[in-house]
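Just so you know, these numbers come straight off a predicted model, no measurement behind them.
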Amino acid sequence: MLPEDVASELDRVLLTEAEIKDRLRVIARQIEADYAGRDLLLIAVLKGAVMVMADLARELQRSVEVDFMAVSSYGASTHSSGVVRIVKDLDIDLAGRNVLIVEDIIDSGLTLDWLKSNLLSRNPASLEICALLRKPDAAKVDIDAKYVGFEIPNEFVVGYGLDYAERYRNLRSIAVLAPHVYS
Ligand code: XMP
Ligand code: MG
């Protein structure tokens, strides 16, 4: 779906499909260099990170393994509760593996803070974070992410996997939702 298809529900487009693709290409080259000669396991957090995972994994010019985990922190609200629950756990054992968490967005950082300590307790050889978006002004905890696509303003965004009440995930761009949609 294109921004034009839901124009009245969007305030403005923040990042176009082409901008996202270009940035992921740059990040993929960095990941290839950083993990040269080492195995790599990408872990995406469902559902928001599914587009980043699909595009980043395909951009990588090497073989990687992928696994998925689903955590819940939001419901249909636009504010982080900090309460995280595992909805679907990983299939792959992380012990001794080089793990890269692929996330859609670091907002308050509470979800990733919890996820990072959960995954570290499984004894990976290394654990890093790749997030397509980060809202610096929303941070409640400091998250050390090795790869960040874009820093964005502290507004609720949708598209490219990100939803409001399960809608807009299939929007190709990332856009700021019009306030009338959720107020
Ligand atoms: P936190 O605040 O814990 O965010 O870093 C955790 C999850 O909340 C979702 N999130 C958003 N989803 N637009 C969305 O559609 C947003 O602006 C937004 N901010 C946070 C997202 O799933 C993230 O992983
Ligand atoms: Mg998410």
Side-chain angles (χ1 to χ4, degrees), residues 13-71 73-74 80 84 90 92 94 96-163 169 171-175:
V13 171
L14 217 53
L15 296 164
T16 64
E17 189 180 6
E19 286 171 323
I20 297 166
K21 191 174 173 50
D22 287 349
R23 186 71 185 111
L24 286 180
R25 188 178 299 125
V26 171
I27 290 174
R29 298 296 85 79
Q30 292 170 350
I31 292 172
E32 287 158 8
D34 291 347
Y35 289 89
R38 294 193 290 159
D39 68 88
L40 178 58
L41 169 61
L42 304 181
I43 291 179
V45 183
L46 296 171
K47 303 172 193 170
V50 75
M51 306 297 179
V52 198
M53 176 65 129
D55 287 344
L56 177 66
R58 284 181 296 179
E59 189 59 57
L60 287 168
Q61 295 171 343
R62 57 160 291 169
S63 184
V64 295
E65 288 178 74
V66 300
D67 202 356
F68 295 90
M69 189 166 174
V71 304
S73 66
Y74 260 54
S80 186
V84 179
L90 300 169
I92 298 178
L94 300 190
R97 308 302 307 275
N98 295 301
V99 175
L100 180 60
I101 301 173
V102 175
E103 252 290 32
D104 48 2
I105 188 166
I106 306 173
D107 193 302
S108 69
L110 293 169
T111 305
L112 267 172
D113 190 47
W114 175 89
L115 187 65
K116 211 176 165 181
S117 49
N118 181 287
L119 298 187
L120 276 175
S121 73
R122 308 179 193 204
N123 301 313
S126 67
L127 181 66
E128 299 291 349
I129 294 168
C130 173
L132 181 66
L133 307 173
R134 178 162 61 191
K135 295 181 184 172
D137 298 337
K140 287 185 185 152
V141 284
D142 187 37
I143 295 293
D144 183 19
K146 188 159 189 177
Y147 312 97
V148 175
F150 303 92
E151 301 211 322
I152 61 167
N154 192 6
E155 295 176 277
F156 196 76
V157 295
V158 294
Y160 200 73
L162 290 154
D163 72 306
R169 290 193 198 276
L171 178 65
R172 287 173 175 265
S173 316
I174 290 171

Quick check: does any side chain N or O of [X] sit under 3.5 Å from a backbone N or O of [Y], one acting as donor and the other as acceptor?
{"X": "Asp137", "Y": "Asn154", "answer": "no"}
{"X": "Arg62", "Y": "Tyr35", "answer": "yes"}
{"X": "Arg23", "Y": "Val148", "answer": "yes"}
{"X": "Lys140", "Y": "Gly109", "answer": "no"}
{"X": "Asp67", "Y": "Ile43", "answer": "no"}
{"X": "Arg25", "Y": "Lys21", "answer": "no"}

With rounding to the nearest 0.5 Å, note down the distance linking [atom1] in [X] to [atom2] in [Y].
{"X": "Ile101", "Y": "Thr111", "atom1": "CD1", "atom2": "OG1", "answer": "11.0 Å"}
{"X": "Leu40", "Y": "Glu32", "atom1": "CG", "atom2": "CD", "answer": "10.0 Å"}
{"X": "Gln61", "Y": "Ile31", "atom1": "CD", "atom2": "CD1", "answer": "12.0 Å"}
{"X": "Leu15", "Y": "Ile20", "atom1": "CG", "atom2": "CD1", "answer": "5.5 Å"}
{"X": "Ile129", "Y": "Asp144", "atom1": "CD1", "atom2": "CG", "answer": "7.5 Å"}

Q. Could Arg29 and Glu59 be called an ion pair, given the rule that one side-chain N must be under 4.0 Å from one carboxylate O?
A.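 Counted as a salt bridge, because a side-chain N and a carboxylate O are separated by less than 4.0 Å.
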Q. Does Arg172 CZ have over 12 foreign heavy atoms under 6.0 Å away?
A. no
